[in-house]
> 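Take a look at the following structure, please.
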2 protein chains.
Amino acid sequence: MEQAHPDGHLAHLRGLLSAYMAKKGLRSTEQRRVIVERFFESPAHITIEELLAVVRSADPRVGYATVYRTLKLLAECGVAVERRFGDGVTRYEVANDDHHHDHLICVECGTISEFEEPAIEALQEEVARRHGFAVKSHKHELYGTCAACQARAKRR
Amino acid sequence: MEQAHPDGHLAHLRGLLSAYMAKKGLRSTEQRRVIVERFFESPAHITIEELLAVVRSADPRVGYATVYRTLKLLAECGVAVERRFGDGVTRYEVANDDHHHDHLICVECGTISEFEEPAIEALQEEVARRHGFAVKSHKHELYGTCAACQARAKRR
DNA sequence: CTCATTGCAAATAATTTGCATGTAA
DNA sequence: TTACATGCAAATTATTTGCAATGAG
């Protein structure tokens with residue numbers, strides 16, 4: 001939607017991944033390639049189960065442990081970001097270093113949307129400074145009801 | 001540390017609990033009383049396992065399912081707050097409605113400290129408003145290294 | 001050829017639940 | 001007495017791991 005270089009971005013991530021694999025002596029296999037490509041095409045906040053379904057539609061023989069292992073690998077090398085919201089499942093999104101964001105989670109319909117607020121990030125750094133704390137990452141999630149669910153509730 | 005009415009606060013929570021139990025027809029048992037009292041004396045962010053150990057030192061016959069069930073009950077009626085940080089265990093703290101806070105989690109030593117920043121809360125409400133989203137609760141956690149761990153790292 | 005990788009099933013780990021027995025009210 | 005509560009063990013859920021077979025380099 002507001003992607004400046006859609007292909008350049010994925011190309012960069014592919015580079016990251018192969019550099020990491022080369023450094024670690026890891027191998028490029030058919031299932032890793034399928035999983036990674038499908039992941040790149042997936043909407044944000046996909047679960048392992050959802051991704052497995054998509055991957056199996058391309059190759060039914062892929063085991064679910066392989067999807068877990070591959071996404072862990074992608075997370076390790078910075079190609080994927082792991083997210084855990086309140087519902088017990090881990091979700092993944094394609095990394096985008098210069099465009100990190102936080103989340104609004106609708107407790108009615110489960111829709112997850114994103115927001116960015118530089119002023120919050122700045123204040124958060126300020127808080128950390130007061131505590132002598134060096135922030136590596138953060139999680140900021142707002143749980144509540146989205147506009148659509150509020151409208152639906154009002155309508156009845 | 002900055003508690004205005006330390007006893008009044010617990011008294012209020014005890015009131016909440018017994019009102020809830022009365023409304024639901026629940027019973028006051030020996031194990032519930034022990035668990036609740038020990039919980040009130042515990043430091044913030046205690047885990048079920050930690051609390052179970054303390055409870056068993058008072059009464060070795062308490063089962064761990066009872067601790068789970070009792071803390072779930074406390075969370076339902078607003079006496080306890082459930083927190084899940086990245087490590088897979090659920091932690092609990094005694095509720096304090098007029099003093100909610102967020103967390104700094106040290107990824108080195110695991111220490112969890114707290115912060116309050118009204119300006120962040122305000123901005124967060126502003127973000128929600130822009131999205132037509134009604135916030136019910138939120139989670140704001142900073143992961144990184146605490147002052148002590150940074151000092152320890154520098155020292156070597 | 002060698003060693004990483006895979007699929008499967010079994011193992012974990014935290015939490016939940018079924019059920020016979022115990023016990024508040 | 002009448003359900004609610006408890007303790008235990010078994011069930012669940014998401015994820016991880018051991019291992020023999022497979023396949024990349």
Side-chain angles (χ1 to χ4, degrees), chain A residues 17-39 45-77 80-92 110, chain B residues 17-39 45-77 80-92 110:
Chain A
L17 175 58
S18 44
Y20 185 81
M21 290 180 69
K23 190 178 61 182
K24 293 266 189 173
L26 305 180
R27 292 166 183 177
S28 175
T29 65
E30 186 54 28
Q31 25 283 72
R32 278 181 182 165
R33 282 186 296 267
V34 177
I35 293 167
V36 170
E37 289 312 312
R38 296 294 166 163
F39 175 58
H45 319 122
I46 195 168
T47 64
I48 293 287
E49 185 149 40
E50 289 163 349
L51 183 55
L52 177 62
V54 175
V55 165
R56 277 192 169 156
S57 75
D59 181 347
R61 304 188 39 190
V62 176
Y64 69 124
T66 303
V67 180
Y68 272 102
R69 288 188 270 229
T70 302
L71 277 148
K72 207 172 158 187
L73 165 62
L74 294 182
E76 274 167 29
C77 66
V81 179
E82 278 188 329
R83 303 276 187 188
R84 250 172 293 260
F85 302 116
D87 62 355
V89 266
T90 302
R91 290 162 190 280
Y92 291 86
Chain B
L17 176 57
S18 44
Y20 185 80
M21 289 180 70
K23 192 178 60 183
K24 292 266 189 175
L26 305 180
R27 293 167 183 178
S28 174
T29 65
E30 185 53 28
Q31 25 284 72
R32 277 181 182 165
R33 281 186 296 266
V34 176
I35 293 166
V36 170
E37 288 313 313
R38 296 294 166 164
F39 175 58
H45 319 123
I46 195 168
T47 65
I48 292 287
E49 185 148 41
E50 289 163 349
L51 184 56
L52 177 61
V54 175
V55 166
R56 279 194 167 153
S57 75
D59 182 346
R61 306 189 37 191
V62 176
Y64 69 123
T66 302
V67 181
Y68 273 103
R69 288 188 269 228
T70 302
L71 278 148
K72 207 172 160 189
L73 165 63
L74 294 183
E76 274 167 29
C77 65
V81 179
E82 278 188 329
R83 303 277 186 187
R84 251 171 293 260
F85 302 117
D87 61 355
V89 265
T90 302
R91 291 161 190 278
Y92 291 85

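Atoms considered below: every heavy atom in the structure, side chains included; atoms not considered: hydrogens, waters and symmetry mates. Each chain gets a letter, A, B and so on, in the order the sequences are listed, and its residues count up from 1.
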> For a 4.0 angstrom threshold against heavy atoms of chain A, report the outermost contacting nucleotides of DNA chain D in 5' to 3' order.
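First-to-last contact on DNA chain D, by the 4.0 Å heavy-atom rule, is D:dA14 to D:dG25.
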
> Which sits closer to the 5' end of DNA chain C, A:Thr29 or B:Lys72, going by the nucleotide each is nearest to?
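That would be A:Thr29.
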
> Would you please name every residue forming a side chain to side chain contact (heavy atoms under 4.5 Å, CB included) with A:Glu49, sequence neighbours left out?
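So A:Glu49 forms a side chain to side chain contact (heavy atoms under 4.5 Å, CB included) with A:Thr47.
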
> My understanding is that only residues two or more places apart in sequence, or in another chain, count here; which of them pass side-chain hydrogen bond (donor to acceptor under 3.5 Å, both in side chains) with A:Ser28?
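A:Arg33.
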
> Drop me the distance from B:Glu76's CD to B:Lys24's NZ, to the nearest 0.5 angstrom.
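Between B:Glu76 CD and B:Lys24 NZ, I get 6.5 Å after rounding to 0.5 Å.
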
> About how many Å separate CD1 of A:Ile46 and CZ of A:Arg38, when rounded to the nearest 0.5 Å?
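Separation between the atoms: 11.0 Å.
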
> With rounding to the nearest 0.5 Å, note down the distance linking OG1 in B:Thr70 to CD1 in B:Ile48.
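Output value for this atom pair is 9.0 Å.
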
> Can you name the residues that form a side chain to side chain contact (heavy atoms under 4.5 Å, CB included) with B:Leu52, not counting sequence neighbours?
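Testing B:Leu52 for side chain to side chain contact (heavy atoms under 4.5 Å, CB included), a comparison that skips the adjacent residues, returns B:Arg56, B:Tyr64, B:Val67.
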
> Enumerate the protein-to-nucleotides 19-22 of chain C contacts in which both atoms are nitrogen or oxygen and the separation is below 3.5 Å.
none

> When the distance from CG of A:Leu73 to C1' of C:dA4 is rounded to whole Å, what number comes out?
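Rounding to the nearest Å, CG of A:Leu73 and C1' of C:dA4 are 12 Å apart.
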
> Of all residues at least two apart in sequence or in a different chain, which pass the salt bridge (charged side-chain N to carboxylate O under 4.0 Å, His left out) check with A:Arg91?
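A:Asp87.
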
> Looking at five pairs on each end of the helix from C:dC1-D:dG25 to C:dA25-D:dT1, what is the angle between the two axes, given to 10 degrees?
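Computed angle between terminal axes is 30°.
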
> Examine C:dT15: is either OP1 or OP2 under 4.0 Å from a nitrogen or oxygen in the side chain of B:Thr90? Give yes or no.
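For B:Thr90, the contact criterion (side-chain N or O under 4.0 Å from OP1 or OP2 of C:dT15) is met.
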
> Who passes salt bridge (charged side-chain N to carboxylate O under 4.0 Å, His left out) against B:Glu82, sequence neighbours left out?
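B:Glu82: salt bridge (charged side-chain N to carboxylate O under 4.0 Å, His left out) contacts with B:Arg84.
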
> If you look at every strand shown and take non-hydrogen atoms under 4.0 Å, does B:Gln31 touch a base, only sugar-phosphate, or nothing?
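Result for B:Gln31 = sugar-phosphate.
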
> Hey, which of A:Glu30, A:Glu37, A:Arg32 is the one that makes side-chain contact (heavy atoms from CB on, under 4.5 Å) with A:Val34?
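Considering A:Glu30, A:Glu37, A:Arg32, a side-chain contact (heavy atoms from CB on, under 4.5 Å) with A:Val34 is found only for A:Glu30.
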
> Return the residues of residues 48-64 of chain B meeting this criterion: a heavy atom under 4.0 Å from some atom of DNA chain D. Order them by number, or give none.
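Residues of residues 48-64 of chain B under 4.0 Å from DNA chain D: B:Arg61, B:Val62, B:Gly63, B:Tyr64.
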
> For A:Ala19, which residues count as a side chain to side chain contact (heavy atoms under 4.5 Å, CB included) partner, sequence neighbours excluded?
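So A:Ala19 forms no side chain to side chain contact (heavy atoms under 4.5 Å, CB included) with any residue.
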
> Taking only residues two or more places apart in sequence or in another chain, which ones pass side chain to side chain contact (heavy atoms under 4.5 Å, CB included) with A:Val81?
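A:Val81 satisfies side chain to side chain contact (heavy atoms under 4.5 Å, CB included) with A:Arg83, A:Glu93, A:Ala95 once adjacent residues are dropped.
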
> So, using salt bridge (charged side-chain N to carboxylate O under 4.0 Å, His left out) as the criterion, who are the partners of A:Arg27 when residues are at least two apart?
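Here no residue qualifies.
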
> So, is B:Tyr68 close to the C:dT16 phosphate, meaning a side-chain N or O under 4.0 Å from OP1 or OP2?
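It does not, given that no N or O in the side chain of B:Tyr68 lies less than 4.0 Å from OP1 or OP2 of C:dT16.
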
> Using heavy-atom distances to pick each residue's nearest nucleotide on DNA chain D, tell me which of A:Gly88 and B:Gly25 is more 5'.
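Of the two residues, B:Gly25 wins.
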
> For the atom pair NE2 (B:His45) and OG1 (B:Thr90), what is the distance rounded to the nearest 0.5 Å?
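Result: 13.0 Å between the selected atoms.
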
